[in-house]
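Written out below as C-alpha cells is the structure these notes cover.
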Amino acid sequence: DFIDVASDRLVRRIIVSDPEHPESRAGAEAKARAVLGEGTWVKLHELHVDEDSHVASRDGLAVQYHEPALAVRDTTSSFDLVRKNERTWSHPAGARCPGCDVCPAPLAILDHAWADRLHGVLLVEVSFTGGSDICWEPPDDFHAVELPPTLPHP
C-alpha cells in the first residue's frame, strides 16, 4: 500500500501475492519493484509497543492510541506533537455474524508503530478485537500520520 502521509489516504495498492489466486498476480513483484524504484525511500524505525498499555515508544517518542484519541509526545521535552481524535480509524457495530442481530463495534488498538522523526512520518498499525470469538473483526489497518518537523537542539 502507498499511503499519502499528509492525508492518510491510500493512493495506490499493488498486490504482490494472493494465496487464494496465485496465478492472478503474474508479474506483480516486478511491477512493485519498478514502482518502488521510481522514488527515494527511508527506513522507518520500529517502536516498541507495550502490550498492556498499547503505548509505542522509542528514541524520545511515545505514541498512545485509545480509540478514538491519538497522542504523540516528545518524551524528552514532554511536548505534544500530535493530539487528535481519529474517528475514521474505528469500525461501527453491525450485523455481520450468522445468528447475531448486531455485533458490537470492534475495539481498535495500537498494534505496531514505526517512525522517522527527521522526515516527520509515523506509521501505525491498528488491529481490532471483537466482543467474542465469533464476532466479526475487520482486518488490520495501516495509517500514516504527519509529525511536525524535528527542531534542532541549541
Side-chain angles (χ1 to χ4, degrees), residues 1-22 24-25 28 31-32 35-36 39 41-150:
D1 287 350
F2 293 83
I3 302 170
D4 177 63
V5 176
S7 66
D8 186 31
R9 280 184 347 148
L10 177 67
V11 293
R12 189 167 189 183
R13 172 172 280 162
I14 300 173
I15 299 174
V16 176
S17 175
D18 183 349
E20 294 183 24
H21 304 285
S24 68
R25 297 297 168 203
K31 180 180 178 182
V35 169
L36 290 172
W41 308 95
V42 293
K43 182 176 177 156
L44 300 177
H45 304 283
E46 186 169 7
L47 282 66
H48 169 75
V49 178
D50 180 283
E51 291 182 21
D52 293 328
S53 65
H54 298 286
V55 173
S57 60
R58 178 182 176 163
D59 300 334
L61 192 67
V63 179
Q64 185 173 25
Y65 176 64
H66 289 285
E67 186 178 20
L70 173 69
V72 182
R73 177 176 283 268
D74 181 321
T75 60
T76 58
S77 68
S78 297
F79 182 72
D80 283 341
L81 301 173
V82 175
R83 185 169 291 275
K84 61 183 176 175
N85 285 334
E86 294 290 1
R87 298 201 186 283
T88 61
W89 294 9
S90 301
H91 287 269
R96 297 182 178 97
C97 303
C100 181
D101 291 334
V102 177
C103 288
L107 176 66
I109 59 172
L110 179 66
D111 198 24
H112 290 91
W114 302 265
D116 184 316
R117 290 286 305 274
L118 182 63
H119 294 92
V121 177
L122 172 67
L123 178 67
V124 297
E125 180 181 5
V126 176
S127 65
F128 301 89
T129 59
S132 73
D133 290 340
I134 62 167
C135 285
W136 168 85
E137 294 174 2
D140 292 0
D141 282 338
F142 289 86
H143 295 282
V145 178
E146 190 172 26
L147 298 176
T150 302

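The first residue in the sequence is number 1, and the count goes up from there. Since this is a predicted model, take the numbers as computed values, not measurements.
With contacts defined as side-chain heavy-atom distances shorter than 4.5 Å, the pair Val35/Ile14 qualifies. Asp111 is not listed as a side-chain neighbour of Val49, based on a closest heavy-atom distance of 4.5 Å or more. Residues Leu10 and Phe142 form no side-chain contact, since every pair of their non-hydrogen atoms from C-beta on lies 4.5 Å or further apart. Counting only heavy atoms from C-beta outward, the side chains of Val5 and Leu122 never approach each other to under 4.5 Å. Counting heavy atoms from C-beta outward, Leu110 and Val63 have side chains that approach closer than 4.5 Å.
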Stepwise, does the side chain to side chain contact (heavy atoms under 4.5 Å, CB included) test hold for Ser127 with Asp140?
-> CA-CA 5 Å; Ser127 65; Asp140 292 0; 3.2 Å; yes
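Here Arg12 pairs with nothing under the salt bridge (charged side-chain N to carboxylate O under 4.0 Å, His left out) rule; sequence neighbours left out. Evaluation of the salt bridge (charged side-chain N to carboxylate O under 4.0 Å, His left out) rule for Asp74 yields Arg117 as partners, not counting sequence neighbours. With sequence neighbours left out, Lys31 forms a salt bridge (charged side-chain N to carboxylate O under 4.0 Å, His left out) with no residue at all. Legend: residues meeting salt bridge (charged side-chain N to carboxylate O under 4.0 Å, His left out) with Arg73, ordered by chain and number and at least two apart, are Asp80.
Separating the CG atom in Leu44 from the CG atom in Asp116 is a distance of 6.0 Å, to the nearest 0.5 Å. Taking OG from Ser53 and CD from Gln64, the interatomic distance works out to 7.0 Å, rounded to the nearest 0.5 Å. In this structure, Glu146 CD and Leu81 CG are separated by 12.0 Å, a value rounded to the nearest 0.5 Å. Atom CG of Leu70 is separated from atom CG of Asn85 by 9.0 Å, given to the nearest 0.5 angstrom.
The nearest pair of heavy atoms linking Pro106 to Pro138 is CG-CD, 3.6 Å. Across every non-hydrogen atom of Leu147 and Val121, the tightest pair is CD1-O, 4.0 Å.
Listed by first and then second residue, the ring-ring contact (aromatic ring centres under 6.0 Å, His included) pairs that reach into residues 59-89 are Tyr65-Trp89, Trp89-His143, sequence neighbours excluded. Among residue pairs with one or both ends in residues 42-59, none qualify as salt bridge (charged side-chain N to carboxylate O under 4.0 Å, His left out); sequence neighbours excluded.
Using a distance-only test at 3.5 Å, with no hydrogens or angles considered, a donor-acceptor pair links the side chain of Thr75 to the main chain of Gly60. With Asp8 contributing its side chain and Ala144 its backbone, the two residues share a donor-acceptor pair below 3.5 Å. With Glu67 contributing its side chain and Ala108 its backbone, the two residues share a donor-acceptor pair below 3.5 Å.
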